[in-house]
Asker: 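Dropping a structure here in structure tokens format, bear with me for questions.
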There are 2 protein chains.
Amino acid sequence: MTATADRADTRHAPRKRAGNGAAPGNGADDIGLDALVGHAGYAVRRFQIWIFQDFIKTLGEVDIRPTQYSVLTVIGANPGLSQMAVAKRLGIERARLVHLLDSLEQRKLVKRIRSKQDRRSHALHLTAQGETALTKFKRLAAEHERHVEAKIGKENRAQLLRILSGFT
Amino acid sequence: MTATADRADTRHAPRKRAGNGAAPGNGADDIGLDALVGHAGYAVRRFQIWIFQDFIKTLGEVDIRPTQYSVLTVIGANPGLSQMAVAKRLGIERARLVHLLDSLEQRKLVKRIRSKQDRRSHALHLTAQGETALTKFKRLAAEHERHVEAKIGKENRAQLLRILSGFT
DNA sequence: CGCCAATTGTTGTCGTCAACAACAATCTTT
DNA sequence: AAAGATTGTTGTTGACGACAACAATTGGCG
């Protein structure tokens with residue numbers, strides 16, 4: 001399988017840049033993304049990764065991840081909701097919410113109370129400890145939000161929220 | 001799932017009915033997100049999920065996912081890159097890129113060629129089949145992009161790209 | 001030159017997350 | 001009462017990111 005010295009020279013197409021010999025030393029700094037630029041999904045994905053990493057880092061001292069935070073705030077604002085309602089509202093699989101709540105309940109932040117009206121469902125509430133913790137989480141989340149402002153600009157962040165307001 | 005074009009349910013404060021009786025029948029339509037509104041990360045996450053789902057669905061007939069598409073476009077625009085360079089440029093773990101390329105190479109869209117300059121690295125190229133396939137993928141991706149425009153508005157999409165241009 | 005560190009691709013593990021499927025308990029409908 | 005739907009739960013699958021370890025190869029440096 002060696003040989004093939006001639007290689008037929010497939011020079012018919014790409015007159016782009018970067019020849020044929022892999023450029024490992026290339027620091028990836030001058031690689032053109034070309035067609036990728038102009039794709040909303042790509043930019044949004046990269047931005048979302050950045051935002052989540054900053055959120056996780058900023059709320060790192062309290063060990064709260066974005067999804068956990070969203071669950072806590074929704075329960076805090078609407079005590080007594082069922083797991084189904086929370087899952088539907090946040091776009092989480094109810095199977096996934098089970099594990100999230102297991103963790104939050106173990107940490108004494110949330111409690112599940114069997115509903116008397118519908119004994120299939122659980123009424124979700126914050127514990128007293130959970131309430132005080134949530135206020136701290138919100139303070140840290142606000143700090144994270146300021147990081148976002150510092151990153152893209154206050155005005156741009158406001159426009160972003162306006163543009164995406166339909167997805168909340 | 002269902003579109004739910006616009007659902008501006010900006011109801012004010014949710015009566016914190018401390019009732020302990022879970023409301024399972026609640027269609028989650030009138031649950032206040034409260035504190036969650038105003039968090040850039042939440043809006044961006046929901047938007048990104050929507051975008052990816054539309055991308056996957058629109059490119060479903062050719063079975064190409066967003067990450068695969070990004071790899072193909074980068075290789076197509078910069079033939080001969082090493083795996084390391086591609087991984088670094090797209091923010092993908094090089095370990096992850098291995099599997100992506102295994103799949104794309106199996107589908108005869110990409111080929112790895114041992115570099116003569118640095119025999120550790122592979123020069124990545126599109127196959128002839130891969131080139132023609134990519135033009136079709138780009139056509140479908142453009143269609144997806146039009147879906148985004150239809151969803152948030154042409155002007156808003158342009159602003160979004162401008163705001164997030166620093167993350168590409 | 002020869003040895004040691006770094007790089008590249010690869011394999012493997014672990015944890016997160018979305019999408020499903022199946023199930024018991026419980027409601028709702030008929 | 002029987003049939004069907006809903007709720008919470010468990011489990012599986014697959015995409016994805018973060019690491020760690022490894023062989024082959026390259027480059028640096030004495």
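Chain A is the first sequence line, chain B the second, and so forth, proteins listed ahead of strands; every chain is numbered from 1.
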Asker: Would you please name every residue forming a side-chain hydrogen bond (donor to acceptor under 3.5 Å, both in side chains) with A/Q68, sequence neighbours left out?
Answerer: none
Asker: Students often get this wrong, so: under 4.0 angstrom with heavy atoms, is B/Q83 touching a base, only sugar-phosphate, or nothing?
Answerer: sugar-phosphate
Asker: Does a side-chain N or O from A/R96 land closer than 4.0 Å to OP1 or OP2 of D/dT12, or not?
Answerer: no
Asker: Can you list every pair that meets side-chain hydrogen bond (donor to acceptor under 3.5 Å, both in side chains) and has a residue in residues 96-105 of chain B, with sequence neighbours left out?
Answerer: B/D102-B/R112, B/E105-B/R112
Asker: Looking at A/T67, A/L100, A/I64, which hits side-chain contact (heavy atoms from CB on, under 4.5 Å) with A/L72?
Answerer: A/I64
Asker: Would you mind reading off the distance between A/R45 atom CZ and D/dA15 atom C1', rounded to a whole angstrom?
Answerer: 12 Å
Asker: Among residues at least two apart in sequence or on other chains, which ones pass salt bridge (Lys or Arg N to Asp or Glu O under 4.0 Å) with A/R46?
Answerer: none
Asker: How many whole angstroms separate atom CD of A/E93 from atom P of D/dG11?
Answerer: 17 Å
Asker: Strictly below 4.0 Å: does B/R65 bring a side-chain N or O up to OP1 or OP2 of C/dA18?
Answerer: no
Asker: In this structure, how many angstroms lie between the P atom of C/dC17 and the CZ atom of A/F55, rounded?
Answerer: 12 Å
Asker: For residues 101-120 of chain A, which residue pairs pass the ring pair (Phe, Tyr, Trp, His ring centres under 6.0 Å) check, not counting sequence neighbours?
Answerer: none
Asker: Encode nucleotides 21-30 of chain C as B, S and - characters from 5' to 3', where the letter depends on protein heavy atoms closer than 4.0 Å: B to the base, S only to sugar-phosphate, - to neither.
Answerer: ----BBS---
Asker: I need the CZ-P distance between B/F52 and C/dA19, as an integer number of Å.
Answerer: 13 Å
Asker: What do you reckon, are the aromatic ring centroids of A/Y69 and A/F137 less than 6.0 Å apart?
Answerer: no
Asker: Rounded to whole Å, how long is the line connecting atom CG of B/L100 with atom C1' of C/dT11?
Answerer: 15 Å
Asker: What's the CD-P distance between A/Q53 and C/dC17, to the nearest Å?
Answerer: 13 Å
Asker: Taking CH2 from B/W50 and P from C/dA18, how many angstroms apart are they, rounded to a whole number?
Answerer: 18 Å
Asker: Nearest whole Å is fine: how far is D/dG17 C1' from A/Q48 CD?
Answerer: 13 Å
Asker: Just to confirm, is there a sub-4.0 Å distance from OP1 or OP2 of D/dA15 to any side-chain nitrogen or oxygen of B/T67?
Answerer: no
Asker: Not counting sequence neighbours, list each pair that qualifies as a ring pair (Phe, Tyr, Trp, His ring centres under 6.0 Å) and has a residue in residues 139-158 of chain B.
Answerer: B/F55-B/H144
